Asker: 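I'd like to ask some things about the structure below.
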Protein chains: 4
Amino acid sequence: MFRIDANSDVPVFQQIVDGVKSAIARGACRPGEAIPSVRGMAAEVLVNPNTVAKAYRDLEREGVIQTQRGKGLFVSPDAPELCREDRRNTVLRKLNALIAEAQAAGIPASELAKAIGEERASDHEQTEPE
Amino acid sequence: MFRIDANSDVPVFQQIVDGVKSAIARGACRPGEAIPSVRGMAAEVLVNPNTVAKAYRDLEREGVIQTQRGKGLFVSPDAPELCREDRRNTVLRKLNALIAEAQAAGIPASELAKAIGEERASDHEQTEPE
Amino acid sequence: MFRIDANSDVPVFQQIVDGVKSAIARGACRPGEAIPSVRGMAAEVLVNPNTVAKAYRDLEREGVIQTQRGKGLFVSPDAPELCREDRRNTVLRKLNALIAEAQAAGIPASELAKAIGEERASDHEQTEPE
Amino acid sequence: MFRIDANSDVPVFQQIVDGVKSAIARGACRPGEAIPSVRGMAAEVLVNPNTVAKAYRDLEREGVIQTQRGKGLFVSPDAPELCREDRRNTVLRKLNALIAEAQAAGIPASELAKAIGEERASDHEQTEPE
DNA sequence: GTGGTCTAGACCACC
DNA sequence: GTGGTCTAGACCACA
């Protein structure tokens, strides 16, 4: 599903939240599907169960997953819609911040556009559908 | 020179470091020039002098500024080179992370490229007449 | 691990940095081991936690230790290599400065060599029986 | 007579004090000779006159130089003796500290002795009288 | 005037 | 529990 980078500066619980949202957004997890239990996920990604629990609490509060008493946790019906929007907003917000940061340093936006173009060309042509 | 966003999640001292680097990178500060004193900068951006001192300490360790005992802090000769490279690396690194984050969520890189294009068009119409 | 000399002219935080590096260099701390927590070390050497944190911050920036959020600080894998080299360079650099200082005052290097020899003889007679 | 290193971590006034003492210790300045005035020295080594004045104050307090009203500053009769002892004590004290620092890091004193030997052999054979 | 160090104490996020 | 950040205020050395 996703991997945890212990050396990253983004908190582990946030990596879990983002990982689950991304999996749902890209269609890897579908509404109604069960997601690993707190303990299962903790064992899978090798983190403290408390950390997973916190991530799941956030996901449930946002309506991405739902608890069914005694059965476990499931992807909510409108999770794909929610996650796609959430991920899109998050990425675009970060992108705008990055553009601003670049301009403050005198780096024109065209440089960023160019870098994206190179990334797309070199790494994976299968992701260029349109 | 720059402004501090107290609501940002990036630490104040880091904002100062980045702000000074950006100012040097874009040519607003030239080698040999003095930068505002610890107390002066603290008053300017309304933070505690210790916070400014922490930022300046980082800048000196990276070779961006040099301290002359009792006189103040000065932009080092090779600071522009250092800062331009540093800012460029930082921005491109963040951009690559963002591209990866987008792809994990099923957002094609073309979306990011499009968003940058729109930003450029709206900000300065002289490059792209509408 | 080491002791702090409050009367020394070298700053306390620097003594901590050097002490930790020396401990790693001589093999008293091994990679992967945790080093005392900020608060623990502060209590141990009787200084303010902020002072310890400053020292640890330096050590992390040099790659000697790594912080794991919420868990503590750990000796990095290549710390022994780093510290041995760092300590060796530092000592030899100081030694060269000292030789230069001596020569400026008309003290021949042979005097220094003699002094080292006496120190070795007095400290551990097993190498040089008197 | 000597040069000031503005980037050194040893204070400028201290460099002046040490420089004068060393010149006397090695016999470059003899008792009764005049030493440059505060202004003259300040112009010579390109530092603030206040800094030179502070250095001279220290030298006078230690009995190395003497003020003759209206005439200037002169090397005192017992300055050579004083300076030779002072320089020797200072260097040996620093050397002992360095040996201790090396041993704390697991560097044997023999390494230091070896380094001195190499320095003597490579740099200047004229300084090996005995 | 300058920067550097240290202390004390608070608040926060993370695990 | 952990480290990280920030503030407030003190003291010192240097130029």
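All chains are named by letter (A, B, ...) in the order of the sequence lines, taking the proteins before the strands, and each is independently numbered beginning at 1. Just so you know, these numbers use all the heavy atoms, side chains as well, and skip hydrogens, waters and symmetry mates. Only a predicted model underlies this, so the values are computations on that prediction, with no experimental measurement involved.
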Asker: Provide, to the nearest angstrom, the distance between the CD1 atom belonging to A:I16 and the P atom belonging to E:dA13.
Answerer: 18 Å
Asker: Identify, between B:V47 and C:G72, the residue whose nearest nucleotide on DNA chain F lies closer to the 5' end.
Answerer: C:G72
Asker: Tell me what C:Y56 touches on the nucleic acid: a base, only sugar-phosphate, or nothing, going by heavy atoms under 4.0 Å.
Answerer: nothing
Asker: Is it true that atom CZ of A:R39 has more than 12 heavy atoms of other residues, nucleotides or ligands lying nearer than 6.0 Å?
Answerer: no
Asker: Rounded to whole angstroms, how far apart are CG on B:L73 and P on E:dG4?
Answerer: 6 Å
Asker: Quick check: on DNA chain E, is the nucleotide nearest A:V10 upstream (toward 5') of the one nearest B:P36, or the reverse? Name the residue that is more 5'.
Answerer: B:P36
Asker: Which base, if any, makes a Watson-Crick or G-U wobble pair with E:dG9, both distances under 3.5 Å?
Answerer: F:dC6
Asker: What do you reckon, is CZ of D:R26 surrounded by more than 12 foreign heavy atoms closer than 6.0 Å?
Answerer: yes
Asker: I'd like to know if A:R87 pairs up with A:D18 as an ion pair, taking the criterion as any Lys NZ or Arg NE/NH1/NH2 lying under 4.0 Å from an Asp or Glu carboxylate oxygen.
Answerer: yes
Asker: Specify the separation, in whole Å, of atom CG of B:D9 and atom P of E:dC11.
Answerer: 21 Å
Asker: In whole angstrom, what separates B:R69's CZ from E:dT5's C1'?
Answerer: 16 Å
Asker: Decide, yes or no, whether a salt bridge links B:R57 with C:D58 under the criterion of side-chain N to carboxylate O below 4.0 Å.
Answerer: yes
Asker: What's the NZ-P distance between C:K54 and E:dT7, to the nearest Å?
Answerer: 11 Å
Asker: Consider the side chain of C:F13, meaning its heavy atoms from C-beta on, and name the nucleotide among E:dC6, F:dG3, E:dT2 that approaches it most closely.
Answerer: E:dC6
Asker: For A:V12, report the nucleic acid contact type (base, sugar-phosphate, nothing); a contact means any heavy atom under 4.0 Å.
Answerer: sugar-phosphate
Asker: Please state how far atom NZ in B:K71 lies from atom P in E:dG1, giving the value in whole angstrom units.
Answerer: 18 Å
Asker: Please state whether the phosphate of E:dT5, meaning OP1 or OP2, lies under 4.0 angstrom from any side-chain nitrogen or oxygen of B:R57.
Answerer: yes
Asker: Is A:N50 touching bases, backbone alone, or none of the nucleic acid, heavy atoms closer than 4.0 Å?
Answerer: nothing
Asker: Atom CZ of B:R61 and atom C1' of E:dG3: how far apart are they, to the nearest Å?
Answerer: 15 Å
Asker: Specify the residue among C:Q68 and B:V38 whose closest nucleotide of DNA chain E lies further upstream toward the 5′ end.
Answerer: B:V38
Asker: Among F:dT5, E:dC6, E:dG3, which nucleotide sits nearest the side chain of C:P11?
Answerer: E:dC6
Asker: Taking the minimum atom-to-atom distance to the side chain of C:R39, which one of E:dG4, F:dG4, E:dG3 wins?
Answerer: F:dG4
Asker: Both B:P49 and C:I35 contact DNA chain F. Which one's nearest nucleotide lies toward the 5' end?
Answerer: C:I35
Asker: Are there over 12 heavy-atom neighbours, none belonging to B:E60, within less than 6.0 Å of that residue's CD?
Answerer: yes
Asker: Are more than 12 heavy atoms, taken from residues, nucleotides or ligands other than A:E85, located less than 6.0 Å from that residue's CD atom?
Answerer: no
Asker: Spell out yes or no: do the side chain of C:N48 and the base of E:dA8 have one donor N/O and one acceptor N/O closer than 3.5 Å?
Answerer: yes
Asker: Is C:S37 close enough to F:dT2 that one of its side-chain N or O atoms is under 4.0 Å from OP1 or OP2 there?
Answerer: yes
Asker: Nearest to the C:T67 side chain among F:dG3, E:dG4, F:dA15, which nucleotide is it?
Answerer: F:dG3
Asker: Could you state the CD-C1' distance from A:Q14 to E:dC15, rounded to the nearest angstrom?
Answerer: 15 Å
